[in-house]
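A short write-up of the structure that comes next.
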Amino acid sequence: MSRLASDHTYSPIIFEQGQEGRGSRYVESGGAPTGFLPPEALRADLPLPDNSELDVVRHFTRLSARTFGIDLGFYPLGSCTMKYNPRVNDAMAELPALRDLHPWTPDDLAQGALQIMWELERSLCSLFGMAAFSLNPSAGAHAELTALLIAKKYFKDRGERQRGTVIVPDTAHGTNPASAAMCGFKVLSLRSDARGRVSVDELKNVLGADTAVCMMTNPNTLGLFEDHIHEIARAVHEAGGLMYYDGANANALMGNARPGDMGFDLMHLNLHKTFTIPHGGGGAGHGPVGVAAHLVEYLPIPYVRARAKAGADPNAAPSDRMEFRLDFDLPHSVGPVRSFWSNFAHAVRALAYIYANGAEGLAKVSQLAVLNANYLRVRVRDFLETPYDEICRHEFVASAQDLKRETGVKALDLAKALLDRGFMAPTIYFPLIVAESLMIEPTETESKETLDEFVAALREIVSLAKSDPGKILAAPEHTVVGRLDETRAARQPDLRWYPHPATA
Amino acid sequence: MYTPHTPRDIAQMLATVGVNSLDDLVRVPDAVALRERLDLVPALPEAGIVKRFEHFARKNVGASYISFLGGGSYRHYTPPAIASLAMRGEFLTSYTPYQAEVSQGYLQAIYEWQTYVCLLTGLDIANASVYDGATALAEATIMSIHANGRKRALVSRAVNPNYRAVLQTYCDGLDVELDEIPVTANGTTDLAALQALVAGGSYACVALQSPNFFGNIDVPDAAAQSAIAASGTVSIAVVAEAIALAVLATPASWGAQIAVGEGQSFGVATAYGGPYLGFMATTKEHMRRIPGRLVGKTVDAGGNEAYVLTLQAREQHIRRERATSNICTNQAHCALIATIYLALLGKTGLQDVASANLKRSRELAASVASLQGCALEFDAPFFNEVVVNVGRPAGEVLDRLKGRGILGGIDLGRFYPEYANFILMTATELTSAGDIKALHAALNEVLDVPARV
């Protein structure tokens with residue numbers, strides 16, 4: 001019997017289920033469209049399946065059972081900060097007057113929503129040492145694009161159009177160079193030094209009149225704090241460039257250190273990493289972009305403004321004594337970057353998380369995230385190479401290079417073997433500068449017991465790789481499907497279901 | 001909150017690591033140390049958080065008004081089954097499905113979403129989603145520029161003004177010129193002007209929205225289609241109200257090579273503007289230029305059918321500055337919601353919703369048009385939005401309606417100075433006969449008041 005036939009989580013594709021006319025009745029029909037529109041405006045056919053509600057519920061429940069989330073187990077995916085997503089945040093986002101508020105609602109009738117956005121913005125400014133944040137960008141990469149548009153406009157206004165180069169360390173996320181390219185910048189990749197940091201000397205060699213922005217992740221993707229950041233920022237500023245902080249790793253320093261104090265002019269946050277917004281299978285995210293004082297007027301529109309409200313109760317909370325509006329009139333703005341104002345439901349979740357912790361709580365969050373990562377690092381180095389072995393921040397990078405030489409078992413194989421043991425795999429083959437890398441980020445919400453179980457599983461896998469490598473090379477064996485034929489997927493792309501066999 | 005560490009755990013773990021305190025772990029050089037005390041909202045217990053957000057919710061007075069707002073965000077009925085399925089923790093708390101063996105369910109759902117988008121638009125290939133309708137249009141424009149190497153783009157002035165503004169932002173980044181096609185007196189794209197503009201062969205693409213921002217069906221006629229094709233311009237169809245796809249001729253049927261739009265209408269809450277989801281579909285010819293995630297079907301080592309993220313060589317994490325786009329995080333969870341919505345409603349249910357929108361919006365139009373001092377500005381076929389000329393500044397009329405508990409629509413003067421007297425009004429299946437009656441009565445009162453000069 002095939003694996004699928006015995007699998008109670010399997011559900012055939014939705015298009016091969018159902019019968020026309022089986023659907024449930026959700027709204028009253030308005031009658032035939034021909035009664036309202038000329039025939040040439042209408043489509044010939046709508047080839048969608050009609051399903052009973054039970055069949056749909058069963059289908060997606062089964063699909064959920066074939067999907068691994070944080071709620072099922074440990075998710076040490078480096079650079080992705082897969083921490084627990086508190087349920088109260090979702091409940092707040094579902095409050096009807098927040099969930100169902102229309103984006104074109106006049107400001108005076110949407111004061112609660114604007115207050116949430118304003119409180120979130122002010123909190124982020126204080127936490128990260130920025131003059132202002134725009135909540136507009138939808139995700140980290142979107143925020144990078146926004147920030148680089150700001151930089152481009154800023155230099156244009158200063159008559160420095162020749163600043164066309166963005167400097168990116170070789171440990172950077174792929175979004176950094178890709179975002180720079182979308183703003184017409186040339187990308188210059190900077191080699192890391194032997195300590196896994198940006199080399200100040202090498203940086204100084206490439207700085208010049210063409211330097212626009214230096215994009216840095218700190219701690220970097222090796223989990224190491226860029227301890228020369230002060231010098232780096234000074235050198236970039238002296239060359240007339242701007243410093244950009246990629247906030248993907250902000251969970252490592254939130255409440256303990258601030259990009260603003262390090263000399264960064266621009267930054268983004270991934271609220272879906274650091275501030276517990278669920279990733280939902282790859283989004284939606286929320287990527288506020290923060291700026292220092294000299295760049296505030298370049299922020300995208302709209303921007304939330306507050307002013308004292310006449311006749312407010314003097315005993316009320318500070319933000320309750322204010323009134324708010326969306327400001328569309330920032331003369332130097334790069335313009336809007338999305339259809340509407342922000343991924344508002346996520347702003348609700350992020351603010352609820354800030355309320356749950358306060359300043360001290362958030363600082364503690366970072367400290368415990370760093371503690372968990374270091375605890376794993378010193379336990380994992382007993383049996384796997386850790387090329388940059390020093391106190392790390394929220395994550396660390398191990399390497400299966402020696403193991404591969406010895407046994408033929410690669411990082412990919414270790415990852416698949418972890419899936420068999422009920423763990424999500426770490427990020428593998430990133431950062432690019434470590435061969436056979438496993439980038440491990442436990443986050444602060446995991447207990448010591450969970451970390452110990454993970455270490456035990458990984459130790460057992462490495463030991464099995466040495467005694468019986470075939471077992472690891474065959475993994476995973478206990479998942480609903482085995483290793484996939486990715487070459488076939490790319491060579492013969494099958495990206496959709498067809499009503500009839502595809503003709504092409 | 002949400003950290004499980006006991007003081008004993010912390011002590012043991014610090015000892016294992018070999019440091020004395022948590023502070024030692026997060027210390028940074030003095031030159032960049034924290035400069036000031038943090039000023040955040042106060043920490044609250046969970047019950048206090050709920051109280052605080054209920055307070056915010058009460059201040060959103062507009063959420064309970066009778067509403068005729070649309071303009072790119074639409075109120076539609078959402079079956080409760082959607083939330084109970086989409087909010088399952090397995091879906092909600094998973095990451096981008098890089099490890100396919102433990103992500104088959106989500107990958108299959110995305111493959112189903114890609115198929116729904118293809119079936120609705122009539123095109124061959126669809127991606128897993130982008131941020132929203134506006135950014136989908138921007139990404140489609142970038143695809144077109146990559147396809148034919150031209151550095152100018154053309155967009156109809158009847159396309160949602162927010163989308164056009166976002167497109168302008170992206171074009172500024174890419175040093176691409178953006179030109180606009182004028183609108184006729186009947187509220188549709190001036191197709192003669194379109195033909196003249198594309199004739200030179202200088203535009204990478206031309207974007208038309210249907211139903212357009214005024215609610216009107218707005219697609220190129222045969223002559224305009226030929227002119228676009230002959231000039232080598234990529235035609236982009238924009239759809240801001242996805243429910244219309246259930247009844248209107250598909251973008252593919254009038255020659256669109258890329259169809260993009262906003263999927264919010266498929267079960268996603270209006271939520272003061274987000275998160276929503278942009279959809280993108282195109283022809284096989286452009287398959288390797290489409291940005292974002294693509295899920296493909298393949299087999300596993302045992303020959304079982306299976307799904308996986310594919311064609312990743314287009315993407316930023318592989319190709320870095322040479323990627324088709326910088327997009328990484330998309331709107332997967334919104335796409336899941338939309339997929340569940342479409343599965344629940346099916347062909348019959350979706351047609352019911354679309355026809356209810358057609359019916360309600362005509363009832364709205366007839367009711368408003370019967371008032372002294374109100375007129376429908378255009379008589380083109382429309383979907384669920386109409387433009388009403390109130391013969392005086394729309395902003396004033398809307399303010400007075402607001403005083404009567406009604407959000408009457410969108411003041412078109414905000415985006416089109418020549419339309420200062422026009423209101424864009426929307427009716428969906430959730431608009432009741434009572435709502436329309438209330439608007440009629442309120443408008444009647446408001447329009448009786450002499451306008452300030």
Side-chain angles (χ1 to χ4, degrees), chain A residues 23 27 29-30 33 36 48 50 60 63-64 66-71 92 95 97 99 101-103 105 109 111-112 126 138-139 141 174 177-179 181 183 187 230 256-257 262 280-285 335 339-341 343-345 356 358-359 367 374-375 447 479 481-482 489 494 496-497, chain B residues 1 4 13 17 22 26 28 31-32 38-39 43 53 56-57 59-60 62-63 69 85 88-90 93-94 96 101-102 104-106 115 131-132 134 169 173 247 271-275 296-298 300-301 306 310 316-317 320-321 323 326 329-330 332-333 346-348 352 355-356 358-359 429:
Chain A
V27 307
S29 170
F36 305 103
L48 307 187
D50 276 344
F60 287 100
L63 294 191
S64 77
R66 315 182 119 216
T67 304
F68 187 94
I70 300 165
D71 287 3
M92 296 305 93
L95 289 172
R99 184 192 61 205
L101 191 69
H102 193 283
T105 304
L109 305 180
Q111 286 292 298
S126 175
S138 313
S179 301
C183 299
V187 178
H230 187 60
N256 296 289
M262 298 174 199
S339 301
F340 291 109
W341 333 138
N343 275 350
F344 172 72
Q367 293 171 4
N374 277 288
Y375 179 74
S447 66
T479 48
V481 295
D494 173 352
R496 56 168 293 194
W497 174 90
Chain B
M1 279 280 277
M13 292 167 81
V17 175
L22 289 173
V26 297
V28 297
V32 296
L38 300 180
D39 177 25
F53 279 80
F56 295 140
K59 293 175 75 173
N60 286 340
L69 295 174
L85 293 168
R88 291 182 66 89
E90 298 89 336
T93 69
S94 65
T96 303
E101 297 89 340
V102 290
Q104 283 300 300
Y106 220 126
T115 304
Y131 307 131
D132 59 15
T169 304
V247 290
Y272 201 53
K297 193 171 169 183
T298 184
D300 74 355
T310 193
Q316 47 75 27
H317 62 284
R320 298 174 81 87
E321 64 267 29
N326 69 337
T329 289
N330 58 25
H333 197 252
K347 171 185 176 171
T348 310
D352 286 350
S355 65
L358 287 164
K359 181 165 180 260
E429 76 279 10

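Numbers restart at 1 for each chain; the letters A, B, ... are given by sequence-line order, proteins then strands. Please read these numbers as outputs of a predicted model, since none were measured by experiment.
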Max heavy-atom pair count under 4.5 Å with chain A, selected residue of [options]:
options	value
B:T348, B:T96, B:D132	B:D132
B:P4, B:G346, B:G62, B:G89	B:P4
B:R88, B:H317, B:K347	B:K347
B:K359, B:E90, B:H333	B:E90
B:G296, B:P275, B:A31	B:P275

Of the backbone (N, CA, C, O) and the side chain (C-beta and beyond), which part of A:M92 lies under 4.5 Å from a heavy atom of chain B, both, or neither?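 For A:M92, the contact with chain B is made by the side chain alone.
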Side-chain donor-acceptor pair present, B:D39, A:S126, cut-off under 3.5 Å: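 Distance-only check fails for B:D39 and A:S126.
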Largest heavy-atom contact set with chain B, pairs under 4.5 Å, which of [options]:
options	result
A:A141, A:S447, A:A257	A:A141
A:P103, A:G23, A:G358	A:P103
A:A139, A:G69, A:A178, A:G282	A:G282
A:L95, A:N374, A:D50, A:V187	A:D50
A:S179, A:A284, A:G335	A:A284
A:A181, A:G281, A:A489, A:C183	A:G281

Shortest non-hydrogen contact from [X] to [Y]?
X	Y	value
B:A57	A:A97	O-CB, 3.3 Å
B:A63	A:L101	N-CD1, 3.7 Å
B:S94	A:F68	CB-O, 3.2 Å
B:Q316	A:G174	OE1-C, 3.2 Å
B:S355	A:S29	OG-OG, 3.3 Å
B:T115	A:R496	OG1-CA, 3.4 Å

For [X], which atoms come within 4.5 Å of any heavy atom of chain A: side chain, backbone, both, or neither?
X	value
B:R320	both
B:E101	both
B:L38	both
B:T310	side chain

Using modelled atom types only, decide if a donor and an acceptor are shared between the side chain of B:Y131 and the backbone of A:G285 within a distance under 3.5 Å.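 Side chain of B:Y131 to backbone of A:G285, a donor-acceptor pair under 3.5 Å: no, none is there.
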Could I get the full list of ring pair (Phe, Tyr, Trp, His ring centres under 6.0 Å) partners for A:F344, not counting sequence neighbours?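 A:F344 satisfies ring pair (Phe, Tyr, Trp, His ring centres under 6.0 Å) with B:Y272 once adjacent residues are dropped.
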Step by step, would you call A:N256 with B:V28 a side-chain contact (heavy atoms from CB on, under 4.5 Å)? CA-CA 9 Å; A:N256 296 289; B:V28 297; over 6 Å; no
Please say which of A:T479, A:T67, A:V481 ends up in a side-chain contact (heavy atoms from CB on, under 4.5 Å) with B:Q104.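 So, applying the side-chain contact (heavy atoms from CB on, under 4.5 Å) to B:Q104 and each of A:T479, A:T67, A:V481, only A:V481 qualifies.
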So, taking the atom named OG1 in A:T105 and the one named CG in B:N60, what distance separates them when rounded to the nearest 0.5 Å?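 A:T105 atom OG1 to B:N60 atom CG measures 8.0 Å (nearest 0.5 Å).
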Test side chain to side chain contact (heavy atoms under 4.5 Å, CB included) applied to B:K297 - qualifying residues, sequence neighbours left out: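 For B:K297, the residues satisfying side chain to side chain contact (heavy atoms under 4.5 Å, CB included) (neighbours in sequence not counted) are A:D494, B:Y111, B:E305, B:Y307.
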